Each structure stands twice: as C-alpha cells, then as structure tokens.
Number of protein chains: 2
Amino acid sequence: MNWIKIDEAAKMTGITKRAIRYYEEIGLIQPPERSDGQVRLYTEEDIEQLKRVVDAKEVLGFSLQELQHFLSIKGRVLEHKVQYETSRDKTFKQSELEEIAAGLKEQRDMLEEKMEKMKSFQNELKDLIQKVESLLKV
Amino acid sequence: MNWIKIDEAAKMTGITKRAIRYYEEIGLIQPPERSDGQVRLYTEEDIEQLKRVVDAKEVLGFSLQELQHFLSIKGRVLEHKVQYETSRDKTFKQSELEEIAAGLKEQRDMLEEKMEKMKSFQNELKDLIQKVESLLKV
DNA sequence: AGTTACGTTGACGTTAACGTAATCATAAAT
DNA sequence: ATTTATGATTACGTTAACGTCAACGTAACT
C-alpha cells in the first residue's frame, strides 16, 4: 500500500502537522496506522476524510465540536441502515431516530439560510466590483 | 428620534452587550451617539449596520478583521464613486483601484467556491435525512 | 427620597484551535 | 557510520472573541 506520512499529509490537505495531530487528539479523525517506530501512516482514504473535515470546518464554519457531533450521527445512521438491510433487526430506538432526523433537518434549514445570506452578500460584492470597474473604464 | 439603548440593541441583534461594546472597541462599528450621562444611544440605522456585521461574521465566517477590511474597502469605493460623479475629480490612484478590484474578485471567487461546497454538503445532509426517514417509515 | 434597574469603564478570566520550543527516537541521505 | 531530516511526545505560549466581576454613576420606578 502507498503509505503517506504526516508531512505529506499536511501538504495534501493544506493544514499543518500540528493541526492534524490535534484533530486526532480530540477524536475528530481516526487514529491512523502506525509503523513500528510509531510513525503515523495515512492512506489515501484517510486523506480524503481529512480533506472533508477541513472543508466542513473552513467552508461551513462548523466548530470542531459541531463536526464531531455530525460525524458521529452520520456514523450511527449508516450503522443502523446496514443493520436494517442485513438483518431486519430493529435494534434502534424510534425516539432516538426521530431526534436525529429533527437535528439533521435543523442543520439543513440553517444551511439553507446561510446560503441565502451568502447570495445576497455575493450580490453586494458583484455590485461593488461593477462600481470599481466603471471607475477604471474612464 | 427613537433612541435605542444597548440592552434593547442586544436583543434586536441577538448578540450580547459585551459583544457590541467590543465591536465598537475594535472599530468594527461606528461609536454611536451618547446621552449626557454617557449612555450609548443607537438609531435604527445603527442596528441595521450591526445586524449586517453579525450576519457577515456568522454566515460568511469572516473574522472581524476581514470584515473590517471589507468595510473599509467598501467605504472607500463608495467615496470615490461619489467624488467622481459630482466633481469629475480623478483623485484616486489607478493602481490602487486595480488592487481593490482584484481583492474583491478574489473574495467573490472564494465565496463561489464556498457555496459550491455548501451545496454538496447540503446534498449529503438531504441524503442522510432520506436514510433516516426510510428507517422511520417501517 | 430611596431603592432598584440599567449603563459605564476597567481589568482579569476563559475557551477553542492551534503555534512553538524542547527533547528524544528513528529514518534517510551521504 | 555519521550527519541530517523527519517524526513523536510533552508542555507551555498565543490569539481572537468575547465572559465575568468589581466599582461606580445615572435613570426609572414607587
């Protein structure tokens, strides 16, 4: 397999090595494999996961805590899904699922609102650019 | 005029009094009027400005510094525009304007990228919601 | 007029998200 | 076989964005 060390991982994701270790420390990403000498070894998949975490943080403005919450919810939902599909085993609690669904919908609506506001800001920006360019074209 | 004190201002904007004073302290908003007794008195317009600052911070994830930068650029552009329209006075420096335009365009592109990523996250969310609901509908 | 509520200015405290430096072990290059 | 580079751990430092508390003045209610 093509193992990736932390320095390259940092370059691939655009964050620092410290940040990567920190994310691992607070449980935001899975601890990767280790070599004999204790060296962290990442797979391509690990890197993809990291990138998605970074995106979510930087783009969505989620705090790392919020991200953790979301990721754990996602994990649990997918688990349940698999359980259901394979064994028809309804081990989940109905009320719990309903709670999860409510939380997700709230997130979805908040995102929607954010995007609306971004659009209006985007328009303001474009307007400003127009003004500046009209000043330049004289 | 209908003056608004800081406590009501806080309630209207959804942030704390401390945050409002802090924003004033770092120059993010204009210091409002004061009564004789040194009491801060805000106008409706002040509140609107505050709301927009809060939005930009929370929605766009701008740091207060970035916001300051943007607001100052905006102010200067509008100044120039007015100058130009009224006096045909080309007191601005061409190079400076070009720099500003470049900066704004960069912001615009970054926003575009952010919105794209938000959309894909939005889709992921909707997908998860679907999955949860399908689990519920059994 | 007295009490209660609200406002003001310091000033120190707090938390998240890392930065940085020291010290030691291992891996790579020469 | 040494340098040299890279990685790990530990621990203290830093910055932004406020929170909180103290001490005080002023408004508002009764």
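Naming: A, B, ... by sequence-line order, numbering from 1 per chain. Predicted model only: the values in this text are computed from it and were never measured.
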May I have the distance from [X] (atom [atom1]) to [N] (atom [atom2]), rounded to whole angstrom?
X       : N      : atom1 : atom2 : result
A/Tyr22 : D/dA8  : OH    : C1'   : 19 Å
A/Ile4  : D/dT6  : CD1   : P     : 17 Å
A/Tyr42 : D/dT6  : OH    : P     : 17 Å
B/Arg21 : D/dG19 : CZ    : C1'   : 12 Å
B/Ile20 : C/dC6  : CD1   : C1'   : 14 Å
B/Ile6  : D/dC18 : CD1   : P     : 13 Å
A/Ile26 : C/dA17 : CD1   : C1'   : 8 Å
B/Glu8  : D/dA27 : CD    : P     : 18 Å

I want to check one thing: is the phosphate of [N], taken as OP1 and OP2, less than 4.0 Å away from some side-chain N or O of [X]?
X       : N      : answer
A/Thr16 : C/dG19 : yes
B/Lys5  : C/dC6  : no
A/Arg18 : C/dT20 : no
B/Arg34 : C/dT9  : yes
B/Tyr23 : D/dA17 : no

**Report entry** Any donor-acceptor N/O pair, A/Gln68 side chain to A/Ile26 backbone, under 3.5 Å
**Finding:**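 Checked: pair present.
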Report task. State whether the side chain of A/Gln107 and the backbone N or O of A/Phe70 hold a donor-acceptor pair below 3.5 Å, judged by distance alone. Result ->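 Answer holds: no.
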Query raised in the report: Thinking salt bridges, do B/Asp127 and B/Lys131 make one under a 4.0 Å N-O criterion?
Result: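 Yes.
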Query raised in the report: Is the closest basic N to carboxylate O distance between B/Asp109 and B/Lys105 below 4.0 Å?
Result: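 Judged by the 4.0 Å cut-off on N to carboxylate O distance, B/Asp109 and B/Lys105 do not form a salt bridge.
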Query raised in the report: Between A/Lys17 and B/Ser35, which is nearer to the 5' end of DNA chain D once each is assigned its nearest nucleotide?
Result: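 Of the two residues, A/Lys17 wins.
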Query - All side chain to side chain donor-acceptor pair (under 3.5 Å) counterparts of A/Lys74, not counting sequence neighbours - result: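 B/Glu124.
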Report task. Could you pick out which residue, A/Asp36 or A/Lys57, lies toward the 5' side of DNA chain C when each is mapped onto its nearest nucleotide? Result ->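 Result of the comparison: A/Lys57.
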Query - Nearest-neighbour nucleotide for the B/Gln38 side chain, D/dC18, D/dG7, C/dT8 considered - result: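 It is C/dT8.
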Query raised in the report: Reckon A/Arg40 touches a base, only the sugar-phosphate, or nothing at all at heavy-atom distances under 4.0 Å?
Result: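 A/Arg40: backbone/sugar contact only, no base atoms under 4.0 Å.
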